[in-house]
Amino acid sequence: MKPFDLKNQDTHSKARRGVVHTAHGDVQTPVFMPVGTRGTVKGITPEQLRTTGAEIVLANTYHMLLRPGTEVVEALGDLHGLMSWDGPILTDSGGYQVFSLSTLNRIGEDGVEFASHIDGKKIYLDAKTATETQNRLGADIIMCFDECTPWPCPQEHLVKAVERTVRWAKQCKDAHANDKQLLFGIVQGGVDMDLRSDCAKQMIPMEFDGYAIGGLSVGEGHDHMIRTVNHTAPLLPEDKARYLMGVGMPIDIVESVRAGVDMFDCVLPSRNGRNAYAFTDDGPLRLRNSQYVTDTSPIEQGCPCYACQNFGKGTIRHFFNVGEMMGPILVTIHNLTYFQRLMKEIRSQIENNTFNEWANEFCSKHKDEA
RNA sequence: GGGUCGGUGCCCGAGUGGCUAAAGGGGAUGGGCUGUAAACCCAUUGGCGCGAGCCUUCGCUGGUUCGAAUCCAGCCCGGCCCA
C-alpha cells in the first residue's frame, strides 16, 4: 500500500486532505501530532490523549536512547508497549537535539557527539545509529538524522548543514532495515530559498516515504517561516506526505496547510498548557492572570474537553497558583483538544473546498499571535 | 518585679555608622515558551515623576554624628529564664 493517499485538493489554495497509512493505523491529514518526547505526553494518560482526538504521537530517539535505552524499550514491548499506545507513533531522530542541545554537542562530518545532559556521558549519533535505534524503538514513522540549524545562521554553516543532511539522508535510507516503518527525509536550508530548493532537489530522488521541512520555528519568526514554507512545500512530491517539523502556533499551522503541508507536531499545546497558557478561538488566555480569580466560565465556551466540561477559569487559576498538578493537566487536555479540533475543522474545510476563505478569516483573527 | 534576647518592606529574613529604597526567600503582578535539558524561565514589586531626581521607610520618641536600620537614652510590644 502507498504510504500516502491524497483525498482532496483545495482548488483555491495548495491545501490538501489526505491519509497516511501506517502499521498501526491510518492518520487523517492535515494532522497535528502531540509530542511525547520521553514516552509520554507530559501530564496526561494515553486514554486522555485519545479523547483529545489525537491519532498519532511523537517520541524522541535521543531521549529514549539515553533513558531507558534501546534494549529496555525493546524489553517493554517497543515504544507502543512502553507508551501504552497502539496507534501510530513517529520518532524524531535526534536531529532537533543537534540544535536544542548545541552547547552540549560537537557536529562532525559523519555525525554528532553529545555530552549527555544527564551525566555527561559521551553519546555518538550518526545516520546509521539514529536509524538502527529508531528501527528498534519501533515507531511507525521514523525520521532521517539531520542537522537542524539555528537562526540566525551564517551562510557557510547553512550550506554545510544541507550537505551533511543530504549525505546523512542517503546513509539513513541505506541503513533502514524495518519495512514496517516509513522513513521520512528532511529538507534543511534555513530561510535561504536557493538552499531549500537545492536540498529538496537532492532529497527527492532518494524516494523517501514522506518529506519533512525542518529547521524552522527556531526563532526566525512567522513571516520568515511562512515564506520558507510557501517556497519549500510545493517543491516536494505531491504523492507523499509533507511534514513541517516543530510547528507551531495555530496561525502557523493554518498558513502552512494553505501552502500544502500535511503534518505538524509541536510542544506548544502541552508545554504552554503546563504553564497556564490556554489556546482558544478568541486568542490565548494566561490563566494565572488575576482577572480570572472568580471566573466560573470554562476556558472556552462550547469546548467538549474534560477541562471545559468540568472546571471554570477561576478554579484552574487556583490550581496553578497553589501548584496543584491538576492545573497543568487540565490545560494540557484543553490545548491538545483545541489543536485537534482545529485540525478537524481544517480537514472539513478542505473537503468542502471552502478552506481558503476560512483560512483568510482565521488568520486575520489570529494575526496578533504570529 | 529582675535578667536576657529580640521588634527590618505584604510575609519570613539578612544587614549592625556612609557603597542601603535596604541581600535572599516566599507571596503578588506581568511576560515568555514552536521536531521538549521547561509542572520551567524572565521581569516588576514604598510613593510621585517620561526623566535627572524628589519624598517617605527598618517598633515609638528624643539624642550623638557631616552622615543612623546600624551608636546612646527613655518608652511600648513579644519570646525565654528567674522571682
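Note on naming: letters A, B, ... go to the chains in the order of the sequence lines (proteins, then strands), and numbering restarts at 1 for each one. Values reported hereafter were calculated over all heavy atoms of this structure, with side chains retained and with hydrogens, waters and symmetry mates removed.
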Proximity to the side chain of [X] - top-ranked nucleotide from [options]:
X       : options                   : answer
S290(A) : rU29(B), rU34(B), rG35(B) : rU29(B)
R288(A) : rA37(B), rU29(B), rG32(B) : rG32(B)
R274(A) : rA37(B), rG35(B), rA39(B) : rA39(B)
N272(A) : rC33(B), rG35(B), rA38(B) : rC33(B)
R38(A)  : rA39(B), rA38(B), rG35(B) : rA38(B)
R286(A) : rU29(B), rU36(B), rG32(B) : rG32(B)

Report the base-pairing partner of [N] (Watson-Crick or G-U wobble, both distances below 3.5 angstrom), or none.
N       : result
rU57(B) : none
rA52(B) : none
rA39(B) : none
rG27(B) : rU45(B)
rG1(B)  : rC82(B)

Atom [atom1], compared across [N] and [M]: separation rounded to whole Å:
N       : M       : atom1 : value
rC60(B) : rC54(B) : P     : 24 Å
rG2(B)  : rU57(B) : P     : 33 Å
rA83(B) : rC71(B) : C1'   : 33 Å

Please classify the nucleic acid contact of [X] as base, sugar-phosphate, or nothing, using heavy-atom distances under 4.0 Å.
X       : answer
G215(A) : base
D146(A) : base
I186(A) : base
Q188(A) : base
L58(A)  : sugar-phosphate
D252(A) : base
N275(A) : base
S270(A) : base

Does [X] put a side-chain nitrogen or oxygen below 4.0 Å from OP1 or OP2 of [N]?
X       : N       : result
S100(A) : rG35(B) : no
S217(A) : rU34(B) : no
Q97(A)  : rG35(B) : no
N289(A) : rG31(B) : yes

Salt bridge (charged side-chain N to carboxylate O under 4.0 Å, His left out) between D209(A) and K240(A), worked out: CA-CA 7 Å; D209(A) 297 311; K240(A) 302 279 176 71; over 6 Å; no
Relative to the ring of [Y], is the ring of [X] parallel (under 30°), tilted (30 to 60°) or perpendicular (over 60°)?
X       : Y       : result
F362(A) : H366(A) : parallel
W168(A) : F145(A) : parallel
Y62(A)  : F114(A) : tilted

Establish, yes or no, whether a centroid distance under 6.0 Å links the rings of F264(A) and Y243(A). no
Closer than 4.0 angstrom, basic N to acidic O: yes or no for R164(A) and D146(A)? no
